Amino acid sequence: MLRTALLAVSRSATCRTLVERTPVTRGLVARYVAGSDLDAALPVLHDLTRTRLVTLDHLGEDVTDAAQADTTVAAYTRLLAELDRSGLADRAEVSVKLSAVGQALPHDGEKIALDNARRICAAAAAAGTTVTLDMEDHTTTDSTLAVLRELRTDFPWVGAVLQAYLRRTEADCRDLRHAGSRVRLCKGAYDEPASVAYRAKADVDRSYVRCLKVLMAGEGHPMVASHDPRMIAIARVLAERAGRRAGDHEYQMLYGIRDEEQRRIAARGDHMRVYVPYGDEWYGYFMRRLAERPANVAFFLRSLAGNS
Ligand SMILES: Cc1cc2nc3c(=O)[nH]c(=O)nc-3n(C[C@H](O)[C@H](O)[C@H](O)COP(=O)(O)OP(=O)(O)OC[C@H]3O[C@@H](n4cnc5c(N)ncnc54)[C@H](O)[C@@H]3O)c2cc1C
């Protein structure tokens with residue numbers, strides 16, 4: 001219930017204004033967001049890449065006009081040039097939401113997003129790094145996978161995200177387990193109807209394990225995106241069983257969550273990548289992080305009450 005309510009709030013413009021204007025929010029946002037712009041995020045990037053790999057997300061989603069989509073492309077182009085300039089392109093890649101580059105625009109949204117994603121991929125290729133397409137709500141899954149297929153004809157290293165809570169995902173994993181394929185498997189962060197998604201945690205976890213089995217036994221590069229100790233332990237066993245080595249799969253976690261565990265996984269020799277968001281369009285991302293953990297909400301509400 002609470003998760004559903006928070007995810008509904010994450011799409012409300014009125015609530016957005018309220019939350020953004022509340023002074024206490026800033027401190028909480030800083031736990032999950034590396035900075036309000038690239039310059040502010042650079043120290044975090046430099047620090048993390050000493051021990052871990054990184055994927056950077058320039059925050060933003062659901063742009064409503066082509067000019068905003070262009071602004072997103074320019075931000076990624078600048079970011080990729082910076083990765084090249086600072087010699088970090090082998091330690092850091094970028095994650096892109098297609099809705100931030102035009103996917104939701106009413107006319108030719110998918111084509112605009114594809115063209116814009118191509119520009120970002122070309123900049124990534126020039127810098128010597130890779131791009132992963134984030135996955136948004138289930139109404140975008142087919143379109144995002146179609147864009148992925150197009151991009152991969154020119155940029156075969158483009159990665160995808162699959163969400164274990166969707167009933168279709170085990171089949172999508174089978175389609176994407178081939179050599180060269182990079183798939184980030186996560187549980188899923190949006191509020192989806194039971195017609196397309198598992199709603200109970202136990203069912204989502206079981207689906208996650210089934211999907212992991214498919215990906216680990218396949219020939220691609222699985223990216224295990226979870227903070228759940230059980231999923232991580234199972235992934236490790238499956239990787240060993242499949243004869244995998246560090247470097248042909250990786251673990252991923254979000255910036256600000258289970259930092260000690262991130263270090264531990266990196267220290268044991270596995271590839272550990274941190275998803276690092278930055279920018280001032282943090283509202284949707286932040287609300288999804290609140291929704292994932294009831295303790296976060298209690299803390300947030302207590303902080304709001306204490307400041308009112
Ligand atoms: C690298 C990465 C990329 C992602 N990309 C996408 C994407 O493209 N599309 C998408 O829909 N989702 C994405 N997600 C989010 C994902 O779908 C889940 O919503 C999120 O990771 C929580 O699921 P979990 O596997 O950690 O398991 P859970 O069972 O939710 O959590 C396990 C434990 O992790 C800790 N934890 C989890 N979330 C939080 C939090 N917000 N704050 C504090 N502690 C927390 C808690 O200790 C919790 O008990 C991504 C996640 C990661 C790690």
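What you see is a predicted model, and the numbers here were worked out from it, not measured in a lab. Order of appearance sets the numbers: ligands from 1, and atoms from 1 within every ligand.
Residue contacts with ligand 1: Met135 is placed with a nitrogen or oxygen under 3.5 Å of a nitrogen or oxygen of the ligand (distance criterion only). Annotation: Arg31 places no N or O atom under 3.5 Å from an N or O atom of ligand 1; distance criterion only. Considering backbone and side-chain atoms alike, Ala189 places an N or O below 3.5 Å from some N or O of ligand 1. Taking any N or O of Arg258, backbone or side chain, none lies under 3.5 Å from an N or O belonging to ligand 1. Residue Arg289 has at least one N or O atom closer than 3.5 Å to an N or O atom of ligand 1. Checked by distance only, ligand 1 and Gly188 come closer than 3.5 Å through their nitrogen or oxygen atoms. Considering backbone and side-chain atoms alike, Tyr165 places every N or O at 3.5 Å or more from each N or O of ligand 1.
More than 12 heavy atoms of other residues, nucleotides or ligands sit less than 6.0 Å from atom CZ of Arg168. Crowding of Arg31 atom CZ: a count of heavy atoms from other residues, nucleotides or ligands under 6.0 Å exceeding 12. Other residues, nucleotides and ligands contribute only 12 or fewer heavy atoms inside 6.0 Å of the NE2 atom of His107.
With ligand atoms numbered from 1 in the order given, ligand 1 contributes 11 (O) to contacts under 4.0 Å with heavy atoms of Tyr190. Set against the non-hydrogen atoms of Met253, the atoms of ligand 1 under 4.0 Å away are 53 (C). The contact set between ligand 1 and Val161, taken as ligand atoms under 4.0 Å from a residue heavy atom, comprises 7 (C), 8 (O). In the vicinity of Gln163, heavy-atom distances shorter than 4.0 Å reach the ligand 1 atoms 9 (N), 10 (C), 11 (O). Within ligand 1, the atoms closer than 4.0 Å to a non-hydrogen atom of Gln252 are 1 (C), 53 (C), numbered from 1 in the order shown. Listed by atom number, the atoms of ligand 1 under 4.0 Å from Tyr275 heavy atoms are 1 (C), 3 (C). Those atoms of ligand 1 that come under 4.0 Å of a heavy atom in Lys201, given as number and element, are 29 (O). Under a 4.0 Å criterion applied to the non-hydrogen atoms of Asp134, ligand 1 contributes the atoms 8 (O).
Taking 4.5 Å as the limit, some side-chain heavy atom of Val101 sits within range of a side-chain heavy atom of Leu98.
Looking only at atom types and distance, the side chain of Asp134 has a donor-acceptor partner in the side chain of Tyr275 under 3.5 Å away. Counting only N and O atoms by type, the side chains of Thr129 and Glu93 include no donor and acceptor under 3.5 Å apart. A side-chain donor-acceptor contact under 3.5 Å links Ser95 and Thr55.
With Arg52 as reference, Asp259 is the one residue of Asp270, Asp47, Asp259 to meet the salt bridge (charged side-chain N to carboxylate O under 4.0 Å, His left out) rule. Results of the side chain to side chain contact (heavy atoms under 4.5 Å, CB included) test with Leu53 over Met272, Arg273, Gln252 single out Arg273 as the only residue that passes.
Scanning the protein for heavy atoms near atom 51 (C) of ligand 1, the closest one is Leu254 CD2, 3.7 Å. Atom 43 (C) of ligand 1 has its closest protein heavy atom at Arg293 CD, 3.2 Å. Of the protein's heavy atoms, His227 ND1, 2.7 Å lies nearest to atom 26 (O) of ligand 1. Ranking protein heavy atoms by distance to atom 42 (N) of ligand 1, first place goes to Tyr32 OH, 2.8 Å. Counting protein heavy atoms only, atom 5 (N) of ligand 1 is closest to Arg184 NH1, 3.3 Å. The protein non-hydrogen atom at the shortest distance from atom 36 (N) of ligand 1 is Ile257 CG2, 4.0 Å. Considering only non-hydrogen protein atoms, atom 25 (O) of ligand 1 sits nearest to Ser226 OG, 2.7 Å. At the top of the distance list for atom 19 (O) of ligand 1, counting protein heavy atoms only, stands Glu292 OE2, 2.7 Å.
Taken to the nearest 0.5 Å, the OG atom of Ser99 stands 5.5 Å off from the CD atom of Glu61. The OG1 atom of Thr49 sits 4.5 Å away from atom CG of Leu88, with the distance rounded to the nearest 0.5 Å.
Under the 4.0 angstrom criterion, atom 49 (O) of ligand 1 counts as lacking any protein heavy-atom contact. Counting protein heavy atoms under 4.0 angstrom from atom 31 (O) of ligand 1 gives zero. Within the 4.0 Å cut-off (strictly below), a protein heavy atom is located near atom 12 (N) of ligand 1. Of the protein's heavy atoms, at least one falls inside 4.0 Å of atom 45 (C) of ligand 1.
The closest non-hydrogen atom to atom 23 (O) of ligand 1, taken over Arg230, Arg288, Arg273, Lys187, comes from Lys187.
Ion pairing between Asp203 and Arg167 fails under the 4.0 Å rule for side-chain N and carboxylate O.
Aromatic pair Tyr251/His271: centroids not less than 6.0 angstrom apart.
Closest non-hydrogen pair, Tyr165 versus Gly188, comes out as CE2-C, 3.2 Å.
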Check against ring pair (Phe, Tyr, Trp, His ring centres under 6.0 Å), Tyr278 and His58: CA-CA 5 Å; Tyr278 71 92; His58 174 75; 5.3 Å; yes
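Grouping the Ile, Leu, Val, Met, Phe, Trp and Tyr side chains by contacts below 4.5 angstrom, directly or via other members, places Leu114 with Val131.
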